[in-house]
Structure formats: structure tokens, C-alpha cells
Amino acid sequence: MMPWILLLFQLASAPPPPGSGGAERSAFFAFADREYIFTVEMVKPGIPLLNFVSMAEGDARLLARNVRLEVGNRKAACRLLAVEGGDFQQPMLVPALTMHPRSSFGIRLEGDFGREVELYGASIRIGDEDFRLAPLTRQEFETLVLRVNRLNLGSPDFSEDWRVLGLEPLGRRTGRRK
């Protein structure tokens, strides 16, 4: 009888597997630190948007295949980045783009994301670093976007902008910094 009780306690304390309904799902994810801000938003079923703000000192290469979304019980890598050209132009599909210092940009992600409206997670790899985005509620996401939109990309000191706007670090950054 005792082994069954121990097994039940272990099962109760184990994190639920993705797709079981117990993991935290959201349509909104974000990462923020003093160099980068990334947001992923599911705007329609199967259609995610990625926005970034680069406050870094140098260029960084964003490869489509290094943007991964946790959809149901699998990780789906982005295949292409859809860059909008203008009002009546078709989006330009590219495998990568360069994030320039003190810039921001938004793109649609192309990949096998099914008809999902929520995700279990989102991560981005830039060079030797992984950025794990944190799930947010709609209200948290909208508050973050309002604050980020007020960032002055020409500012000589982003730390002052962070303080004034009340921005806080979000998500997790792992890997080797150069």
C-alpha cells in the first residue's frame, strides 16, 4: 500500500505534460531586458506576430528557424518571416533578418502552427543565447506594449527610460554573452 501512496504523491507533484490542459497557456508572450524586448502574440488562429526592440550596441541576426513556439504537445519552428512591404504589396518572405541597434520591428511568423489560438511557450535563439518568453495575460501584454511604445530609441541612457516607464525584466535569458 505504501508504494502506491508514494506514487500518487509523485504524480500529484509532477508538472503536467504540455497539451494536458494543466500547463499555462496564453496567446501573449514577452521577454524584456536592457538589450532586447521580444513579444509574440497570436492574432488569429495559427497566425503569430513577433515584435522586437533592440537596445543592443551591435547588429544581431534573427533566423526564422530559431524562433520556436510550443503548440499543443510539440515545438514548431518558424519557417519564414513575413515582412509587410506596404498597403497593397504582398509580404516579403525571408529566412532571416538583421536586428540593428536602437531599432524596433514587427513581423508575421510563417510555420506549421495549426489553428492554435494559444501557445504553451515561445523561445528565440540569437547567436549563442536563448530567450525564453514569459506568458502574459491580455492586460499585462497591453500594458507592456503601451510602455514599450514610449521607449525613446534615441535615448543615451535606456536605464532612465526603464525606470520612468516602470519596465521590469521578463522571461529568461540563457547562454553565453559576448
Side-chain angles (χ1 to χ4, degrees), residues 17-19 23-86 89-138 140-145 147-149 151 153 167-178:
E24 191 169 359
R25 291 175 47 140
S26 180
F28 310 98
F29 286 83
F31 173 88
D33 72 7
R34 300 295 174 123
E35 282 191 304
Y36 297 107
I37 298 173
F38 298 106
T39 64
V40 170
E41 174 186 10
M42 296 300 288
V43 292
K44 291 182 182 175
I47 301 177
L49 294 184
L50 167 68
N51 288 285
F52 71 82
V53 176
S54 173
M55 297 165 284
E57 296 297 320
D59 287 346
R61 195 86 168 133
L62 175 64
L63 303 175
R65 69 175 184 259
N66 288 345
V67 178
R68 292 193 167 80
L69 305 181
E70 293 176 31
V71 179
N73 61 356
R74 65 185 174 86
K75 286 189 179 180
C78 179
R79 284 195 294 264
L80 293 168
L81 307 172
V83 179
E84 299 291 331
Q89 296 178 348
Q90 290 292 328
M92 182 172 45
L93 299 175
V94 297
L97 58 84
T98 300
M99 296 186 303
H100 298 293
R102 300 176 175 271
S103 68
S104 64
F105 203 70
I107 49 180
R108 190 178 73 238
L109 303 176
E110 295 287 324
D112 182 16
F113 307 124
R115 303 278 306 146
E116 296 295 323
V117 294
E118 292 185 318
L119 304 169
Y120 286 98
S123 63
I124 299 170
R125 184 167 186 84
I126 306 284
D128 294 334
E129 296 184 286
D130 286 309
F131 299 85
R132 181 79 179 159
L133 286 67
L136 301 175
T137 65
R138 176 182 291 277
E140 292 168 332
F141 184 81
E142 289 174 358
T143 299
L144 175 66
V145 168
R147 290 177 179 168
V148 170
N149 284 340
L151 268 174
L153 292 176
L167 290 170
E168 295 289 329
L170 281 171
R172 190 174 73 236
R173 183 176 187 164
T174 58
R176 183 174 55 100
R177 287 193 184 179
K178 295 178 180 174

Are any of the side-chain heavy atoms of [X] and [Y] separated by less than 4.5 Å?
X    : Y    : result
L167 : L144 : yes
I47  : M42  : no
V53  : L153 : yes
D130 : S123 : no

So salt bridge (Lys or Arg N to Asp or Glu O under 4.0 Å) across residues 107-116, not counting sequence neighbours, yields R25-E116, R74-D112, E84-R108, R108-E110
Could you tell me which non-hydrogen atom of [X] sits nearest to which non-hydrogen atom of [Y], and how far apart they are?
X    : Y    : result
P101 : A56  : CB-O, 3.2 Å
I37  : D33  : CG1-O, 4.4 Å
A134 : G171 : CB-N, 3.8 Å
L63  : A96  : CD2-CB, 3.5 Å
R65  : A77  : O-CB, 3.8 Å

Report the C-alpha distance between C78 and L69 in whole Å, list the side-chain angles of each, state the deciding distance to 0.1 Å, and finish with yes or no for side-chain contact (heavy atoms from CB on, under 4.5 Å).
CA-CA 8 Å; C78 179; L69 305 181; over 6 Å; no
Run the numbers on R79 and L109 for side-chain contact (heavy atoms from CB on, under 4.5 Å), then give the verdict.
CA-CA 8 Å; R79 284 195 294 264; L109 303 176; over 6 Å; no
Roughly how far, to the nearest 0.5 Å, is the CG atom of L49 from the CZ atom of F28?
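Atom-to-atom, F28:CZ and L49:CG are 11.0 Å apart.
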Would you compute the distance between atom CD of E41 and atom CG of L50 and round it to the nearest 0.5 angstrom?
11.0 Å
Restricting to pairs with a member in residues 38-81, which pass ring pair (Phe, Tyr, Trp, His ring centres under 6.0 Å), not counting sequence neighbours?
Y36-F38, F38-F131
Side chain to side chain contact (heavy atoms under 4.5 Å, CB included) against [X], all qualifying residues, sequence neighbours excluded:
X    : answer
V145 : F141, N149
V83  : V94, L97, F105, I107
E140 : L136, T137

Check the pair R132 / F31 against side-chain contact (heavy atoms from CB on, under 4.5 Å), numbers first and verdict last.
CA-CA 7 Å; R132 181 79 179 159; F31 173 88; over 6 Å; no
Quick one: which of N66, L62, T174, V67 gives a side chain to side chain contact (heavy atoms under 4.5 Å, CB included) with R125?
N66
Decide yes or no on side-chain contact (heavy atoms from CB on, under 4.5 Å) for M55 and E35, but give the supporting numbers first.
CA-CA 5 Å; M55 297 165 284; E35 282 191 304; 5.5 Å; no
What pairs meet the side-chain hydrogen bond (donor to acceptor under 3.5 Å, both in side chains) rule with one or both residues in residues 93-102, with sequence neighbours excluded?
D59-H100, R61-T98
Would you find more than 12 non-hydrogen atoms of other residues, nucleotides or ligands less than 6.0 Å from R138 atom CZ?
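No - once you tally the heavy atoms of other residues, nucleotides and ligands closer than 6.0 Å, there are 12 at most.
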